[in-house]
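First comes the structure, then the notes that go with it.
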Amino acid sequence: MLNPMDPDVAAKRIFAAIRAIPKGEVAGYGEVARRAGLPGRARLVARLLSQNDDPKLPWHRVLRSDGRIALPEGSKGYREQCQRLRAEGLRVEGGRVIGVRAAATLDSQIWGPPD
DNA sequence: TTGTTGACCCGTC
DNA sequence: CGACGGGCCAACA
């Protein structure tokens, strides 16, 4: 009964989850969905971002679960995302963010990254 | 109504 | 690393 949530509410929670990502950190689409109370709805997050128009939304902190930038390499959005991430002190190499890994699983959020 | 298409994810091999 | 299959789901043709 948690899952089939009203689209508006879902969108609201997803945007809130994205806004909650601290500056200089990143999160995966699936992770954002989980934090929004919508496990398994990564694609919904992606779709909302593609439609997003809010300039205050830190959309650039949202990456794929493997730490890569989701946008097609070379696209305008791709370049802007790289730029914004670097502006926050992150290292981006080959379309991938180095040094900060997006917690892909709940385990890694609880137990921390494997040493 | 069925078929495709995405800024996706994950387990398995 | 990569490929494959399955899940997820709103929008559109």
Side-chain angles (χ1 to χ4, degrees):
Chain A
M1 201 51 100
L2 249 344
N3 232 9
M5 186 182 294
D6 297 76
D8 289 328
V9 180
K12 222 174 168 185
R13 295 187 63 156
I14 286 172
F15 285 131
I18 294 175
R19 268 186 292 264
I21 304 173
K23 181 184 173 188
E25 289 186 30
V26 294
Y29 288 84
E31 191 188 348
V32 167
R34 274 194 301 275
R35 288 178 180 176
L38 297 161
R41 303 308 190 273
R43 294 190 96 144
L44 180 58
V45 176
R47 198 184 73 78
L48 285 175
L49 274 191
S50 73
Q51 296 292 305
N52 162 63
D53 56 336
D54 182 357
K56 299 183 68 68
L57 193 73
W59 56 270
H60 54 282
R61 301 192 189 131
V62 185
L63 309 171
R64 295 199 315 214
S65 62
D66 59 4
R68 288 182 155 282
I69 287 176
L71 288 93
E73 184 170 351
S75 69
K76 187 181 176 188
Y78 172 93
R79 281 192 295 274
E80 187 176 350
Q81 185 162 17
C82 282
Q83 195 171 348
R84 288 189 182 210
L85 288 172
R86 294 208 180 96
E88 295 189 353
L90 295 173
R91 206 164 64 125
V92 185
E93 273 178 29
R96 166 190 284 173
V97 172
I98 312 291
V100 186
R101 90 175 73 191
T105 67
L106 191 58
D107 278 356
S108 55
Q109 291 180 47
I110 296 175
W111 299 105
D115 193 51

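Treat the numbers as computed from the prediction; the structure is a model and nothing was measured. We use all heavy atoms of the structure for the numbers below, so side chains are in, but hydrogens, waters and symmetry mates are not.
Under the rule for a side chain to side chain contact (heavy atoms under 4.5 Å, CB included), the partners of D54(A) that lie at least two apart in sequence or sit in another chain are R19(A), N52(A), K56(A), L57(A). In terms of the side chain to side chain contact (heavy atoms under 4.5 Å, CB included) criterion, residue partners of Q51(A) (sequence neighbours excluded) are, by chain and number, R47(A). By the side chain to side chain contact (heavy atoms under 4.5 Å, CB included) test, A42(A) is found to be paired with Y29(A), residues two or more places apart in sequence or in another chain being considered. Applying the side-chain hydrogen bond (donor to acceptor under 3.5 Å, both in side chains) criterion to Q83(A), with sequence neighbours excluded, gives no partner residue. Partners of E73(A) by side chain to side chain contact (heavy atoms under 4.5 Å, CB included), not counting sequence neighbours, listed by chain and number: Y78(A).
Shown for residues 42-61 of chain A: residues whose heavy atoms fall under 4.0 angstrom of DNA chain C, namely R43(A), R47(A).
Under a 3.5 Å cut-off, the side chain of R96(A) and the backbone N or O of R68(A) do not form any donor-acceptor pair. Judged purely by atom type and a 3.5 angstrom limit, R61(A) has no side-chain atom pairing as donor or acceptor with the backbone of V26(A).
Contacts of R96(A) with the nucleic acid, taken as non-hydrogen atoms under 4.0 Å apart, involve only primed sugar atoms and P, OP1 or OP2.
Rounded to whole Å, the distance from CD1 on I21(A) to C1' on dA7(B) is 13 Å. Here the P atom of nucleotide dA7(B) and the CD1 atom of I14(A) are 16 Å apart, to the nearest Å. Counting to the nearest Å, the P atom of dC9(B) and the CZ atom of R35(A) are 13 Å from each other. For the pair K76(A) NZ and dA7(B) P, the interatomic distance rounds to 16 Å; values are reported in whole Å. Protein atom CG of D8(A) is 12 Å distant from nucleotide atom P of dA10(C), rounded to whole Å. Rounding to whole angstrom units, CG of residue L38(A) and P of dA10(C) are separated by 11 Å.
Under 4.0 angstrom from either OP1 or OP2 of dC9(B) there lies no side-chain N or O belonging to R68(A). Note on S75(A): every side-chain N or O is 4.0 Å or more away from OP1 and OP2 of dA7(B).
Listed candidates were dA7(B), dC8(B), dC10(B). Nearest to the side chain of Q81(A) is dA7(B).
With hydrogens and angles ignored, a donor-acceptor pair under 3.5 angstrom links the side chain of Y29(A) to the base of dA7(B).
Taking the C1' atoms as reference points, dA7(B) lies 22 Å from dA13(C), given to the whole Å.
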